[in-house]
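Just so you know, ligand 1 is whichever comes first in the structure, and atom 1 is the first atom listed for that ligand. Predicted model, so just to flag it, every value in this text is computed and none were measured. All residue numbers refer to positions in the sequence shown, counting from 1. The analysis underlying the following values was restricted to heavy atoms, covering all of them including side chains, and did not include hydrogens, waters or symmetry mates.
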Amino acid sequence: MARPSHLQVDLPALISNYQWACQLAPQSNTMAIIKADAYGHGAVACARALDAYAPAFGVACIEEALQLRQAGISKPILLLEGAFTDDEVITAGENNFWLMVEDPWQVDAIVNAKLPKPVSVWVKIDTGMHRLGLAPFRLPELMAKLQNSPNVAPGMLMASHFACADELNNNFTQQQIQCFHANLPSSDMPFSLANSAAIMAWPEAHGTWNRAGFMLYGNTPLDGEHSSNQGLTPVMSLHSAVISLRQIPTGAAVGYGQAWTAQRDSLVATVAMGYGDGYPRHAGTGTPLIINGQRATLIGRVSMDMVTVDVTDIAGVDVGSPVCFWGADLSANEVARHIGTIGYELITRVGQRLPKIYI
Ligand SMILES: *Cc1c(COP(=O)(O)O)cnc(C)c1O
């Protein structure tokens, strides 16, 4: 019997979430963002599932893009942060990777490269997030360099990224959109602004291309209720099982640091899932999970390979009882709120040690 801990990945749900992103923005092309191993779901499997639907993919670095090429994915792949070194410009040109340009040094790297053929370039403008992107006041000079370079393929695209698109009541998104259009070199250029939150909640941000990430995996990026949430189905569920069960008396403590003490005679279940699997160690007593189909809560500290659960009031728990940490009946977002993080981090972290079972 193998360790029961695993990730289940529902590929039909991934496809249906992708189609929802397209349906919310019918005038746009929708790129599927599968960086960080498809947010923990397995980039190659997700790319293969989406290959018949998505016209392009986006990743964070060239190693991720090359992994997809080696797996036979031939669609264009955007490097969301562009090249990290001069050499990567050449590799990008050879492999039909699209290059984001977000800092002046990358302009020079592209212009000065010896390329067999021109490379496609997306120019990011810093419209207020102040993390990546060319400063608006430098755009005319830098755009001229790119436009005059034989290394740059025709059809250069302008892009930006939002700082607060998940916040439904924050008008900073509107300010960024205005800043973007005010600085577009010409109004007929193709452009891309929207991440998942903007696809779902800011239709005025939809562009030639939208960049759908988190929503593809079936959780909402939005900070509140919204009609566009209804089209999302969770793709990942995180599973394990009870591996040990014990009765403890009032006053007995559980686990490292004796961080939880029984206030009554209690039944404690030990489950094979820990921070070695990417389940966060700072998940504290009270973090919800589902055991034997019923909601229960974590008690004590998360160990490397195990957690403990108070099952005193849960019927029918035995060694082998199934445990779900998040999935269809308990969202990664809800669990994340208890832990002081976001669903993005939870799903992205658990992909390493755990076997993945694809539906
Ligand atoms: C990760 C990323 C996205 C996708 O963001 P989500 O919130 O996951 O949809 C879009 N654009 C850029 C530049 C990114 O880095």
What's the shortest distance from [atom] to any protein heavy atom, and which residue and atom give it?
atom: atom 4 (C) of ligand 1; result: Tyr39 OH, 3.5 Å
atom: atom 11 (N) of ligand 1; result: Arg211 NE, 2.8 Å
atom: atom 7 (O) of ligand 1; result: Tyr344 OH, 2.6 Å
atom: atom 15 (O) of ligand 1; result: Lys35 NZ, 2.7 Å
atom: atom 9 (O) of ligand 1; result: Ser196 OG, 2.5 Å

Open item on the list: Could you walk me through whether Met158 and Leu139 satisfy the side chain to side chain contact (heavy atoms under 4.5 Å, CB included) test, starting with their C-alpha distance in whole Å, then the side-chain angles of each, then the deciding distance to 0.1 Å, before giving a yes or no?
Closed with: CA-CA 11 Å; Met158 306 303 291; Leu139 260 190; 4.2 Å; yes

Student check: side-chain heavy atoms of [X] and [Y] closer than 4.5 Å:
X: Leu134; Y: Ile125; value: no
X: Leu132; Y: Met100; value: no
X: Gln176; Y: Trp202; value: no

TODO: Give a yes or no on whether Leu354 and Val235 share a hydrophobic cluster (residues Ile, Leu, Val, Met, Phe, Trp, Tyr; joining criterion: side-chain heavy atoms under 4.5 Å apart).
DONE: yes

Check whether any N or O atom of [X], backbone or side chain, sits under 3.5 Å from an N or O atom of ligand 1, and answer yes or no.
X: Arg131; answer: no
X: Ala212; answer: no
X: Leu80; answer: no

Open item on the list: Within the 3.5 Å criterion, strictly below it, is a donor on Ser331 or Asn333 matched to an acceptor on the partner's side chain?
Closed with: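 No - no donor-acceptor pair under 3.5 Å links their side chains.
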
Task: Any side-chain donor near an acceptor of the partner, Thr85 and Asp87, under 3.5 Å - done: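 Short answer, no.
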
- [ ] Could you establish whether His161 and ligand 1 come within less than 4.0 Å of each other, counting only heavy atoms on the residue side?
- [x] yes

TODO: Examine ligand 1 and decide if any of its atoms is less than 4.0 Å from a heavy atom belonging to Glu81.
DONE: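 Distance cut 4.0 Å: Glu81 fails for ligand 1.
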
Task: Point-to-point distance, once rounded to the nearest 0.5 Å, from CD1 of Ile15 to CG of Leu50 - done: 6.0 Å

TODO: Please state which part of Lys124 comes within less than 4.0 Å of ligand 1, counting heavy atoms only: side chain, backbone, both or neither.
DONE: side chain

Open item on the list: Closer than 4.0 Å to some heavy atom of Phe214 - which atoms of ligand 1 meet that?
Closed with: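 Once the distances to Phe214 are compared, the set is 6 (P), 8 (O), 9 (O).
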
